[in-house]
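Only one structure is covered here, and it is reproduced in the block below.
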Number of protein chains: 2
Amino acid sequence: MRDTRRARATIVDIAARAGVSKSTVSLVLRNSPLARQQTAERVRDAMRELGYVYNRGAANLRRARSNVVGVVVSDIVNPFFAELAVGLENAFLAAGYLPILVNTGEDRERQARVIQALREQAVAGLVVSAADRTEAAAIKSLAASGLPVTLAMRDLPGSGLPYVGQDNLEGARVATRHLLSLGHARIAFLAGSSSIATHRERVDGYRRALAEVGVAFDPSLVIEAPPMRESGEQVVARALALPAPPRAALCFNDLTAIAAMSALQRRGLRPGADFAIVGFDDIEEGAHVDPPLTTVSMQTDDLARTAARVLVELIEGGAPPAAPIYGVARLVVRGSCGAAAARR
Amino acid sequence: MRDTRRARATIVDIAARAGVSKSTVSLVLRNSPLARQQTAERVRDAMRELGYVYNRGAANLRRARSNVVGVVVSDIVNPFFAELAVGLENAFLAAGYLPILVNTGEDRERQARVIQALREQAVAGLVVSAADRTEAAAIKSLAASGLPVTLAMRDLPGSGLPYVGQDNLEGARVATRHLLSLGHARIAFLAGSSSIATHRERVDGYRRALAEVGVAFDPSLVIEAPPMRESGEQVVARALALPAPPRAALCFNDLTAIAAMSALQRRGLRPGADFAIVGFDDIEEGAHVDPPLTTVSMQTDDLARTAARVLVELIEGGAPPAAPIYGVARLVVRGSCGAAAARR
DNA sequence: CTGAAAGCGCTTACAG
DNA sequence: CTGAAAGCGCTTACAG
């Protein structure tokens, strides 16, 4: 088996075969007009015949640059981050960079290890959607070493690093206002953990909307739980067990919103009719449940493209954006969404 | 901003600072016992002081080896493949390789492009879960060039490449037998497309189970549709519109099974009671719907670990496995799952 | 337009 | 144990 393995052809082999020097081959490789048309043709034939594959690592070493960027994602199994990753990947590929996607699974230690591995691989830059509880200092020191870093979706307040992400505060505010406009006053905030900045920002927006209409904030209505489908049962149980149970909730994301809907249904409560639910993070799940879920949409694709662009500019010597870049939070109203629930 | 960017320290800088030659630094880097304890300490101090980062690309160039492997996945947004990717990533990291994860989104042209990019990056090997309709020849020629390649989850019959994946045929057989044992004779196979080998293998298993009990195969019961949640409505509508509508179905995967359940419910049919559903690809979704979904479990994690091990062995000069490696298909029965439906 | 030489950051024999 | 030299596959001035 091993015997079939040929050593890779190099530009020297190509040069020999085409009867030119290796400088000429290099010129042809980079489509320089300095090589004669006919010579270029001969060189390209030789490459084809020898099955030549460009060694980008060698080229990068010599040129002291790199065409690879790192994309560090906190939880690739979450379709929200998977879509972010895909968007980033597309944008980088289109810009001529090869993205290395690594998943940290919300594990800070693992995050540190993979980032180190990426640095050793001499990546040109990093976009990171930081793991839960990541300390700003950890990433900041990275950037201090001169490596271009852009934060996506998870801000690290105080790090001073360029950030591209959702407008969590505004999104939660819009969603909460929607529920308030339906006539709800006791509105729960279900699932998610305050250890994640995203959660804190959303709770802030929720509080702000309440404050704007003079509704007192009740901390017992903010019920934390891991943002997974499995948490639906638990958060609904706790919400309904409150002395004055809410009839409306803003959920940390769409997965937990759907899980909460199921938990309500298991109790004979009809989402929409008996209990209003709004979810975050539109990964187009909201439209496919019954009844449809009203969500705050975050345009992952746009944000991914933007984050990639910001990093590429940083890599190519541009200035970082002066302020965080926020995606527009858009409320997608689906179904009746609980006007009736408020009247009960 | 740019000014803070220091050029990376090299082993020459370390050598100068520690007062040794660069060979010595290299020895220390690789923890060779040839360097004196005290010298190693001095070298390590210098590295710390200079913020040294190992340049693995340069080392790889010199050693004519590579520590990076490519993981080509057909659809990272599908949680099934996301879990596969995570499993592979963990296994490679543990084995000392840096996996570059790329998503093809089932696009063969894109697959060709990213594979080329990975080759130029001089990856040590590739595990590929091929895009829909990938031709065996395309991947085979890759391997013929000497690059170790392992196929995961999507076999390319005729390629002769090592394959690690689910036992689709056996899984479909087991699932179909289960439905038959409940008393169903007309059983639909819903969603998925015969352009994917996975689908063909599952349909084969379904047919075999029918044949085993002497039930004639009815091609009109195999209803194709993209394996997405969105297809649920369509496949259920087509199944119920058949002259003799089935009361049981094996679904291509759990997403489509859950979608089919929703579509049934929208028609007032109770999954389990009125219509038996079994799904493929247990990504632990089956347990979290109501009623719970019976699934064929495929142990993605084990398979990922195995695929990674097979590739690492190939890279390190071992022989490819003599035969395809199949994961065990296990039927996870949840809920009543349609015994009643058969009696209607 | 083409070629010879130097060098990117490492590792690897090979002397000392 | 340590150092000087060569070389991995490229690119980059610099001559011709």
Side-chain angles (χ1 to χ4, degrees), chain A residues 6-44 46-47 50-68 98 117 119-124 145-146, chain B residues 6-44 46-47 50-68 98 117 119-124 145-146:
Chain A
R6 300 182 288 253
R8 271 165 84 130
T10 73
I11 54 169
V12 176
D13 302 321
I14 306 298
R17 178 135 195 155
V20 298
S21 82
K22 61 188 185 128
S23 320
T24 307
V25 176
S26 179
L27 254 21
V28 173
L29 272 174
R30 284 168 296 126
N31 292 312
S32 163
L34 294 182
R36 214 193 315 167
Q37 183 67 28
Q38 192 199 333
T39 312
E41 220 35 80
R42 266 216 325 286
V43 169
R44 269 189 268 272
M47 289 182 187
L50 266 40
Y52 175 73
V53 177
Y54 186 56
N55 186 332
R56 211 166 278 279
N60 286 343
L61 176 60
R62 177 59 232 263
R63 303 179 70 178
R65 60 181 293 288
S66 167
N67 74 122
V68 357
L98 178 71
R119 295 187 71 191
E120 295 188 352
Q121 221 61 233
V123 292
S145 78
Chain B
R6 299 182 289 253
R8 270 165 82 130
T10 73
I11 55 168
V12 176
D13 303 319
I14 306 299
R17 179 134 192 154
V20 298
S21 83
K22 61 188 185 129
S23 320
T24 306
V25 175
S26 180
L27 255 21
V28 173
L29 272 174
R30 284 170 293 126
N31 293 312
S32 163
L34 293 182
R36 213 193 316 169
Q37 182 68 28
Q38 192 199 333
T39 313
E41 219 34 79
R42 266 215 327 282
V43 170
R44 270 188 268 270
M47 289 182 185
L50 265 40
Y52 174 73
V53 177
Y54 186 57
N55 186 332
R56 212 165 279 279
N60 286 344
L61 176 58
R62 178 57 234 263
R63 303 179 71 178
R65 58 182 295 288
S66 167
N67 74 123
V68 356
L98 179 71
R119 295 187 73 190
E120 294 188 354
Q121 222 60 233
V123 293
S145 79

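Only this structure's heavy atoms are used, side chains among them; waters, hydrogens and symmetry mates stay out. Note that this is a predicted model, so its numbers are computed, not measured. Below, read A as the first sequence line, B as the second, and so on, with proteins coming before strands; counting in each chain starts at 1.
- Among dC10(C), dT12(C), dC10(D), the nucleotide with an atom closest to any side-chain atom of Arg30(B) is dT12(C).
- Nucleic acid contact for Val53(A): sugar-phosphate only, since backbone atoms but no base atoms lie under 4.0 Å from a heavy atom of the residue.
- Taking only side-chain nitrogens and oxygens, Arg62(A) never comes nearer than 4.0 Å to OP1 or OP2 of dG9(D).
- A straight line from CD1 of Ile11(A) to C1' of dT12(D) spans 12 Å, rounded to a whole angstrom.
- Rounded to whole Å, atom P of dC10(D) lies 10 Å from atom CD of Glu120(B).
- Atom CD1 in Ile14(B) sits about 9 Å away from atom P in dC10(C), given to the nearest Å.
- Between Asn60(A) atom CG and dC10(D) atom C1' the separation is 10 Å, expressed in whole Å.
- Across every non-hydrogen atom of Tyr54(B) and Ala59(B), the tightest pair is OH-CB, 3.2 Å.
- Proximity of Arg63(B) to the phosphate of dT12(C): a side-chain N or O atom is located under 4.0 Å from OP1 or OP2.
- Going from atom CZ of Arg8(A) over to atom OH of Tyr52(A) covers 8.0 Å, rounded to the nearest 0.5 Å.
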Distances under 3.5 Å only, N/O to N/O: pair up the protein atoms with those of nucleotides 1-5 of chain D.
unit_1 : atom_1 : unit_2   : atom_2 : d
dT2(D) : OP1    : Arg36(B) : NH2    : 3.4
dT2(D) : OP1    : Thr39(B) : OG1    : 2.9
dG3(D) : OP2    : Ser21(B) : N      : 2.5
dG3(D) : OP2    : Ser21(B) : OG     : 3.3
dG3(D) : OP2    : Thr24(B) : OG1    : 3.3
dA4(D) : N6     : Ser23(B) : OG     : 2.5

Dot-bracket assigned to DNA chain C with the 3.5 Å Watson-Crick/G-U criterion, [ ] for crossing and | for other-strand pairs, is |||.||||||||.|||
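- Shown here for Ala15(A) and Ser21(A), the closest heavy-atom pair between the two residues is CB-C, 3.7 Å.
- Taking 4.0 angstrom as the limit, Ser26(B) places none of its side-chain polar atoms (N or O) nearer than this to OP1 or OP2 of dC10(C).
- When rounded to the nearest whole Å, the span between OH of Tyr54(A) and P of dT11(D) equals 4 Å.
- If you check every strand for non-hydrogen atoms under 4.0 Å, Ala64(A) touches nothing.
- Between dC10(C), dG9(D), dT12(D), one nucleotide has an atom nearer to the side chain of Ala58(B) than all others, and that is dC10(C).
- Distance CG (Leu61(B)) to P (dT11(C)): 11 Å, rounded to an integer number of Å.
- Taking atom CG on Leu29(B) and atom P on dT12(C), their separation rounds to 12 Å, with Å as the unit.
- Separating the CD atom in Glu120(A) from the CG atom in Asn60(B) is a distance of 10.5 Å, to the nearest 0.5 Å.
- The CZ atom of Arg42(B) sits 7.5 Å away from the CZ atom of Arg36(B) when rounded to the nearest 0.5 Å.
- For Ser66(A) against Ala122(A), the heavy-atom pair with the smallest separation is OG-O, 2.9 Å.
- When side chains are defined from C-beta on, Arg56(A) does not count as touching Val68(A), because their heavy atoms never get closer than 4.5 Å.
- Residue Met47(B) forms a side-chain contact (heavy atoms from CB on, under 4.5 Å) with just one option from Val53(B), Ile11(B), Ile14(B), Asp13(B), and that option is Ile14(B).
- We find that CG of Asn55(B) is positioned 14 Å from C1' of dG7(C), with the value rounded to whole Å.
- Minimum interatomic distance between Asn55(B) and Ala58(B) (heavy atoms only, all atoms of both residues): OD1-N, 3.0 Å.
- Taking both residues in full, the closest heavy atoms of Ser145(A) and Arg119(A) are given as OG-NH2, 3.1 Å, listed atom of the first, atom of the second, then distance.
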